[in-house]
Amino acid sequence: MQLDNTLLKVNDIYKSFDRDDVIKGVSLELNEGEIGCLLGPSGCGKTTLLRIIAGFEIVQRGEVIIAGQQVSSGSKIVPPEQRNIGMVFQDYALFPHLSVIENIAFGISKSDRRARRKTVDHLLELVGLEGAGKAYPHELSGGQQQRVALARALAPEPKLLLLDEPFSNLDVTLREKLTVEVRDILKASGITALMVTHNQFEAFSVADSVGVIFSGSICQWDSAYNIYHNPETLEVARFVGDGAIIRGVVTGPNQVSCGLGELSGNLSLPCDSGCHVDLLVRPEDVLHDDHSEVGAQVVHKSFRGPNTLYKLELSTSEICLALVSSHHNHQLGEQIGIVPEVENLVVFPSVNKLL
Ligand code: ATP
């Protein structure tokens, strides 16, 4: 018999403020130990969804179930402190007058002092702050403070951890480092977690599953790989990663003719020959090759250290992007040879049939 290991279940919830519908029929599930991430532009409803799961907001319809217990529905709300959840916020929210050890121990109700100390020591080790127990928050860097906040949230052994933009107060380098560390810490603790961010690279490096939200609805709930390589809608394709959408016509099974030439690859949609499509082309799908017959003109370039991101104008006047080793330094206006290397032809039904 297969045991159900769903830890969080959000079932078709609706939420409005006054007359504004902010969450519109959202459903999602997280299994025990899974890390999910809600990714979307500002104002799409990410924080509201997290606050509903935490019990700070009521819903008009639908239900939230945590560890098999219904905690929110149109007629019921279990208060946050009875949900067995931990929370990490972007501003760390540490107690400034308490040491690191005291901050972490704050929410542990274990009466036995020795057991409490053992838990704190274990968490200090887990977040890599073994030597910093006696320090006060103002003596720590932002990244260290956020690791203390994480340890404090994990201390009462919650079933579910909710993280709201936990890295947004940190500088870029620290953010990248901490996202990887946080994933390792969450995985080592085995906790189920749901994080909110508007930064796709954070979502990709932390989450097992990513939900892309627009205007209060989840457009795709999937692995980071699929969100990037197999976006299900044009909206998701445009929101996630760099890329260009160019017009194409299906010319055969797994064959599309477009401004980059005749492309072969796995079509993401079943399409008949003659079907007009919009084709997603990622910058890494376009290789530079001086010997290629397909040419494009450099209209913009952005140096990124190891690579340069070129904006290229095709003979169809469409724009595509190419990520090229920065050893090749092409000038604006230069005509360069390109070769498309597209394994999966990610297409969407075209509204524009002008090709
Ligand atoms: P951001 O990334 O900017 O934090 P978000 O995706 O987290 O955005 P929310 O904070 O969930 O978005 O807000 C979604 C919408 O709900 C916004 O239009 C916001 O103005 C509105 N909203 C949120 N909380 C309230 C509230 N308490 N009363 C009225 N409207 C609200």
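As the structure lists them, so they are numbered: ligands from 1, and atoms in each ligand from 1. One-based numbering along the sequence shown. Just so we're clear, the structure is a prediction, and the values are computed from it rather than from any experiment. Computed over heavy atoms, backbone and side chain alike; hydrogens, waters and symmetry mates excluded.
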- Can the ring centres of Phe214 and Phe239 be said to be less than 6.0 Å apart? yes

- Query: Which of these passes side-chain contact (heavy atoms from CB on, under 4.5 Å) with Ser27: Ile13, Ile218, Asp12?
  - Reply: Asp12

- Nearest heavy-atom contact between Pro158 and Asn84 is CA-OD1, 3.3 Å

- Pairwise side-chain contact, Val148 with Pro137, heavy-atom cut-off 4.5 Å (strictly under): no

- Query: Which protein residues have a heavy atom under 4.0 Å from ligand 1?
  - Reply: Phe17, Val22, Pro41, Ser42, Gly43, Cys44, Gly45, Lys46, Thr47, Thr48

- Task: For Lys311 and Cys320, indicate whether the former's side chain and the latter's backbone hold a donor-acceptor pair under 3.5 Å.
- Result: no

- Query: Considering residues at least two apart in sequence or located in another chain, which fulfil the ring pair (Phe, Tyr, Trp, His ring centres under 6.0 Å) criterion with Tyr310?
  - Reply: His330

